Amino acid sequence: MKSDIVRAALVLGLLSVVGPFAIDMYLPALPAIGEHLKADTAQVQASLMAFMAAIAVCQLIYGPVSDMVGRKPPLYFGIGLFILGSIGCALAPSIEWLVAARFVQGVGACAPMAIPRAVVRDNYTGTDAAQLMSLLMLVFSVSPILAPLSGSLVIQFGDWRALFWVMAVVGVLGLILLAFFQPETRPAAARLESSFGSALRGYWMLLKDWNFLGLTFIGAFGMSSFMAYLANSSFILIEHYGISPTFYSFMFSINAVSFIGLSQFAAYFGKRFGFNAVVRTAVTGFLLVMALLFGLFVFGVDNLVVLAALLFVGYGFLGLVVPTTAVLAMEEHGEIAGTASALMGTLQLVTAAVVMGISGAFFDGTALPMVAVIAACAVAAFILTQLTIRSSRRAVGAPAE
């Protein structure tokens, strides 16, 4: 394995984890936040949705700006704003204040979440890009695996406000990492023709590219299924099934291990069988597992072990879908990598926010509405795969299919 790919994965993965860390770490504390701020489930979930909405919208700005001024300046700005938002959350006297501060925090976290995909495309394509994306997710796994566990540990020795002080410290560490270990990958010569006008033209071109959109939304519905679990799981597992916040963190981490573990084989399978075949097979597997889970719960099997086991298998399939569709979608847009990455991220997170809102609207304290939404996402991803992959162009570095 190339040493430069490993180094890039480590640095970009740690930068990317700043935002997800702010999501995953406070999940075990959601019920406690609601109780302390006298807010209901929907209001507490709004703090999560505000964070996601900020990331979705602001990617449309960060992407073109990173094409125009380079990758590092918007990263400095974003991480700095994330630190300020974290402090605002820690001092929140009400749920409304918390939601507003989370939005600011999300505006800042958007930069280190959106720009690394463009950095990957600056230097790599084809199989190397798929390998780097998979390694990125391996480093990225520190958030869904360790963040909930560290969150539950923090609230054992303090209250939920301490979580946001820890997030501020994580932001400071991100600034140090950016300053000393991440070089600029968008040289001045490459920025000469970049402007907001060219970005708008780029967005319009991408919105007319059905291959790009199809691949983006396959990944979007895959991510949305996980976001539906993320938004509802703490209430379901802690309040409905009665497990502790610490055990909840362990349960959440298991699914992340499944997703990240299988993602490491995306480049190998893509090189051996073709990236299109990987997506088709993995999406089909995801659909079959989620359909089985939905069927069992419809017929009254409300069991934590069944839920955990089938989600573990299903999210493993997603580990092959998300990095592969990202590489395929970005492959032919290297000259506007920042813009393409931003639009992809925005479309995927807007989709996830809508799905989270739907799952929250039908929340009844049991797992069935969440399972139904996850199964619906699997159906949507499968339909899009049949419409897109069948006619999509072959990825660079993949064998003919």
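Keep in mind that what you see is a predicted model, and the values were worked out from it rather than measured. FYI, side chains are in, hydrogens and waters are out, and symmetry mates aren't considered; it's all heavy atoms of this structure.
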How long is the span from the [atom1] atom in [X] to the [atom2] atom in [Y], to the nearest 0.5 Å?
{"X": "L98", "Y": "Q43", "atom1": "CG", "atom2": "CD", "answer": "11.0 Å"}
{"X": "I83", "Y": "Q105", "atom1": "CD1", "atom2": "CD", "answer": "10.5 Å"}
{"X": "K208", "Y": "L213", "atom1": "NZ", "atom2": "CG", "answer": "11.5 Å"}
{"X": "Q348", "Y": "T216", "atom1": "CD", "atom2": "OG1", "answer": "6.0 Å"}
{"X": "Y248", "Y": "F235", "atom1": "OH", "atom2": "CZ", "answer": "9.5 Å"}
{"X": "F275", "Y": "L320", "atom1": "CZ", "atom2": "CG", "answer": "11.5 Å"}

Counting only N and O atoms by type, is there a donor-acceptor contact under 3.5 Å from the side chain of [X] to the main-chain atoms of [Y]?
{"X": "T324", "Y": "V321", "answer": "no"}
{"X": "R102", "Y": "A50", "answer": "no"}
{"X": "E184", "Y": "R71", "answer": "yes"}
{"X": "Y203", "Y": "L60", "answer": "yes"}
{"X": "S258", "Y": "F312", "answer": "yes"}
{"X": "W97", "Y": "G88", "answer": "yes"}
{"X": "Q182", "Y": "L12", "answer": "no"}
{"X": "T388", "Y": "T385", "answer": "no"}
{"X": "Y62", "Y": "V107", "answer": "yes"}
{"X": "T281", "Y": "V278", "answer": "no"}

Determine, step by step, whether L37 and W160 satisfy the side-chain contact (heavy atoms from CB on, under 4.5 Å) criterion, reporting the C-alpha distance in whole Å, the side-chain angles of both residues, the deciding distance to 0.1 Å, and the verdict.
CA-CA 11 Å; L37 296 180; W160 60 268; 4.0 Å; yes

Counting only heavy atoms from other residues, nucleotides and ligands, does the tally under 6.0 Å from OH of Y76 exceed 12?
yes

Atom CD of E239: over 12 foreign heavy atoms under 6.0 Å:
yes

Beyond-backbone contact of [X] with [Y], side-chain heavy atoms, under 4.5 angstrom:
{"X": "L304", "Y": "I243", "value": "yes"}
{"X": "I389", "Y": "V283", "value": "no"}
{"X": "S244", "Y": "I238", "value": "no"}
{"X": "V18", "Y": "M167", "value": "no"}
{"X": "F297", "Y": "T366", "value": "no"}
{"X": "I23", "Y": "M52", "value": "yes"}
{"X": "N211", "Y": "L328", "value": "no"}
{"X": "V322", "Y": "I218", "value": "no"}

Suppose we call two aromatic rings close when their centres sit under 6.0 Å apart. Are F103 and F51 close by that rule?
no

Heavy-atom pair of closest approach, residues [X] and [Y]:
{"X": "L307", "Y": "L237", "result": "CD2-CD1, 4.4 Å"}
{"X": "T325", "Y": "L215", "result": "CB-O, 3.6 Å"}
{"X": "R161", "Y": "A92", "result": "NH1-O, 2.5 Å"}
{"X": "L318", "Y": "G222", "result": "CD1-O, 3.2 Å"}
{"X": "P74", "Y": "V69", "result": "CD-CG2, 3.9 Å"}
{"X": "L262", "Y": "G316", "result": "CB-O, 3.1 Å"}

Start with the C-alpha gap between T346 and V57, add the side-chain angles, then the distance that decides, and say whether side-chain contact (heavy atoms from CB on, under 4.5 Å) holds.
CA-CA 6 Å; T346 293; V57 172; over 6 Å; no

Taking ring pair (Phe, Tyr, Trp, His ring centres under 6.0 Å) as the criterion, tell me which of F221, Y315, F286 meets it with F226.
Y315

Check the pair L48 / M356 against side-chain contact (heavy atoms from CB on, under 4.5 Å), numbers first and verdict last.
CA-CA 10 Å; L48 178 59; M356 288 164 60; 3.6 Å; yes

Applying side-chain contact (heavy atoms from CB on, under 4.5 Å) to F362 and L368, what does each step give before you reach the verdict?
CA-CA 10 Å; F362 288 95; L368 181 58; over 6 Å; no

Parallel, tilted or perpendicular: which describes the rings of Y26 and F164, with under 30° parallel and over 60° perpendicular?
perpendicular

Do we see a donor-acceptor contact under 3.5 Å between the side chains of D302 and Y241?
yes

